[in-house]
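Data first, discussion second: the structure below is written as C-alpha cells.
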Number of protein chains: 2
Amino acid sequence: MSSNNLNVEHKLNEKSVKPTAVRNLVLKYLVERGKAFSVSDLEEAFDTIDKSTLFRTLKTFEQNDLVHTIDDGTGKLKYALCTSSCNSSTDHQHFHFTCQKCGETFCLPKTELPSIELPPNFAILESNLVLKGLCNDCNT
Amino acid sequence: MSSNNLNVEHKLNEKSVKPTAVRNLVLKYLVERGKAFSVSDLEEAFDTIDKSTLFRTLKTFEQNDLVHTIDDGTGKLKYALCTSSCNSSTDHQHFHFTCQKCGETFCLPKTELPSIELPPNFAILESNLVLKGLCNDCNT
DNA sequence: ATGTCTATTGCAACTAAGTTGCAAAGTGGA
DNA sequence: TCCACTTTGCAACTTAGTTGCAATAGACAT
C-alpha cells in the first residue's frame, strides 16, 4: 500500500468516516487532482462506480468536513477539498473563481467579507461567493 | 389599458424589446412581485404559457438588461429585475441573500468588493455572490 | 382587405443532474 | 459461523432547462 493510500485512510479515520474501497479511491483522486471537481469528473475517472454511490460518497465527505460545495453556475455542483482553515462549517466564506472558458474552478485565499448592509433581523449562516472570468491559461 | 401596462410597454420599448402579449404579462408580474423569482414561479402564475416560452422570454430580458440571474444554489436559476444601477453588464456585482428556510432571494444594496488576491493573470468579468441564512420573517 | 415576411409561441421530445427504493454484497463484532 | 449494520449497484424516477419544428400572430406593403 502506497503512502498516499495510508495518508488518505488517515484523513478518513480522522473525520470518523469509515475508509471503504470507494471512499479511499475517491479521496485519493481528489487529493491528487488538487482542483475543484464535479461528479461527472469522478464518473469519468471511475467508470465502474455508480453515480449514486459517488453522490452519496461526496455527501458523506461534505457532512464530515472533508469537502465543501461550490455552486459555480455551470449547472453542476462542484466540490473542493477542505483545507485546515475550513474546518468549521461557518468558515467556508472564501471566494471561488470559475473560468468561463475552461470551466475550471479554484478556491481563492480567504478574504474578509466587506461589511454588508443587511435588512434588519437577517442572519448570515453560509455563503456561495463565485467570481467569474478568465484564468491564467485562458487569458490571452 | 392600465397605467401599469403602459409602464411595462415603455420599459420594453426602452430596451428595444418588442412588447408582445407574453412579455407584457411577464414583465408586469415581475414588477408587481418585486422579489427574485424562478421559472417555476412564473409557470405557476401563468399556467397557459409554455415553459420554453418563459425560458426564452427571460433570456431575452436578460440579454437586454431587464433582469439579471442569480444562482442561489437551490437548483433553480433565479431572476431579478435590474435597477437603474445595474445597467451595464459589468455592474451586477451586488450581493444576494437567500433565506434557507423560505427560499426567498433578495438583492442587497451594492457593496464594494474587498480587494481579492487573484492568482497572476486572472481577470474577473462577472460574479455570483450569494449569502445564505435567515430572513426577517424566518429568523425567530 | 389581402398576401407576405419575420418574430414569437406552443408542443413534444429530449438531455443531464441529482435522488430514491431496494436488493445484493461487504464488514465487523459476538 | 452467524447476525446486524453499512455500503454499493441498479434501475427507475424527478426536475430544470434545451431544441427542432410547425403553427400563429403582428407589422407592413400593395
Side-chain angles (χ1 to χ4, degrees), chain A residues 1 5 8-9 12-13 15-29 36-64 66-80 98 103 105 128 130, chain B residues 1 5 8-9 12-13 15-29 36-64 66-80 98 103 105 128 130:
Chain A
M1 186 179 274
N5 284 0
V8 152
E9 289 216 19
L12 288 170
N13 282 321
K15 303 284 185 177
S16 313
V17 177
K18 202 190 289 181
T20 64
V22 170
R23 291 177 183 160
N24 284 340
L25 274 174
V26 171
L27 186 53
K28 189 174 163 219
Y29 170 84
F37 56 93
S38 63
V39 171
S40 333
D41 294 332
L42 289 175
E43 280 190 86
E44 251 177 69
F46 303 106
D47 56 356
T48 61
I49 304 180
D50 190 77
K51 65 174 177 160
S52 66
T53 302
L54 293 173
F55 277 108
R56 288 190 274 229
T57 300
L58 289 171
K59 192 173 283 177
T60 304
F61 283 5
E62 194 194 353
Q63 285 165 347
N64 292 279
L66 280 157
V67 301
H68 60 269
T69 56
I70 313 147
D71 189 333
D72 61 8
T74 57
K76 300 179 193 178
L77 201 55
K78 295 276 175 69
Y79 299 81
T98 299
T105 291
N128 186 57
V130 181
Chain B
M1 184 177 276
N5 284 1
V8 153
E9 288 215 21
L12 287 169
N13 282 321
K15 303 284 187 177
S16 313
V17 177
K18 199 191 290 181
T20 66
V22 170
R23 289 175 185 160
N24 284 339
L25 275 174
V26 171
L27 185 53
K28 188 173 162 225
Y29 170 83
F37 57 92
S38 64
V39 171
S40 333
D41 294 332
L42 289 175
E43 281 190 85
E44 252 177 69
F46 303 108
D47 55 356
T48 61
I49 304 179
D50 191 77
K51 65 174 179 160
S52 66
T53 303
L54 293 174
F55 276 109
R56 288 190 274 229
T57 300
L58 290 172
K59 194 174 281 175
T60 305
F61 284 4
E62 193 193 355
Q63 285 164 347
N64 292 279
L66 281 157
V67 301
H68 60 269
T69 56
I70 314 147
D71 190 332
D72 63 8
T74 56
K76 300 180 192 178
L77 202 54
K78 295 275 174 68
Y79 299 82
T98 299
T105 291
N128 187 58
V130 181

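Each chain gets a letter, A, B and so on, in the order the sequences are listed, and its residues count up from 1.
In this structure, CG on Leu66(A) lies 13.5 Å from OH on Tyr79(A), to the nearest 0.5 angstrom. Separation of atoms CG (Leu77(B)) and OG1 (Thr69(B)) is listed at 5.0 Å; rounding is to 0.5 Å. Between atom CZ of residue Arg23(A) and atom CG of residue Leu58(A) there is a gap of 11.0 Å, rounded to the nearest 0.5 Å. Taking CG of Asp72(B) as the start and NZ of Lys78(B) as the end, the distance is 4.0 Å to the nearest 0.5 Å.
Under the side-chain contact (heavy atoms from CB on, under 4.5 Å) criterion, Gln63(A) pairs with Lys59(A), sequence neighbours left out. For Phe61(B), there are no ring pair (Phe, Tyr, Trp, His ring centres under 6.0 Å) partners two or more places apart in sequence or in a different chain. Applying the side chain to side chain donor-acceptor pair (under 3.5 Å) criterion to Asn128(B), with sequence neighbours excluded, gives no partner residue. Remark: Thr53(B) engages Val22(B), Ile49(B), Asp50(B), Thr57(B) in a side-chain contact (heavy atoms from CB on, under 4.5 Å) (not counting sequence neighbours).
Where DNA chain D meets chain B (any atom under 4.0 Å from a heavy atom), the bounding nucleotides read 5' to 3' are dA16(D) to dG20(D).
Positionally, the nearest nucleotide of DNA chain C for Ile49(B) lies more toward the 5' end than for the other of Ile49(B) and Phe55(A).
Closest approach of Thr60(B) and Asn64(B) over heavy atoms only: O-ND2, 2.8 Å. Of all heavy-atom pairs spanning Thr98(B) and Gly103(B), the tightest one is CG2-O, 4.2 Å.
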Letter by letter from the 5' end, nucleotides 24-30 of chain C scores (B base, S sugar-phosphate only, - none; protein heavy atoms under 4.0 Å) -------

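Rounded to a whole Å, the CZ atom of Arg56(A) is 10 Å from the C1' atom of dC22(C). Atom P of nucleotide dA17(C) and atom CG of Asp50(A) are separated by 14 Å, given to the nearest angstrom. Rounded to an integer number of Å, the gap from NZ of Lys59(B) to P of dT8(C) is 14 Å.
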Test Val130(B) against Asp71(B) for side chain to side chain contact (heavy atoms under 4.5 Å, CB included), laying out the working first. CA-CA 8 Å; Val130(B) 181; Asp71(B) 190 332; over 6 Å; no

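Dashed line: the shortest gap from a side-chain N or O of Thr53(B) to OP1 or OP2 of dG10(C) is under 4.0 Å.
For DNA chain D, no neighbouring residue in residues 72-79 of chain A is found when judged by any heavy atom under 4.0 Å. Against DNA chain C, the stretch residues 40-48 of chain B makes heavy-atom approaches under 4.0 Å through Thr48(B).
Contacts of Arg23(A) with the nucleic acid, taken as non-hydrogen atoms under 4.0 Å apart, involve only primed sugar atoms and P, OP1 or OP2.
At least one side-chain heavy atom of Leu27(B) sits under 4.5 Å from a side-chain heavy atom of Leu12(B).
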Return all side-chain donor-acceptor pairs below 3.5 angstrom for residues 39-47 of chain A, not counting sequence neighbours, or 'none' if the list is empty.
from	atom 1	to	atom 2	distance (Å)
Ser40(A)	OG	Lys76(A)	NZ	3.3
Asp41(A)	OD2	Ser38(A)	N	2.8
Asp41(A)	OD2	Ser38(A)	OG	3.3

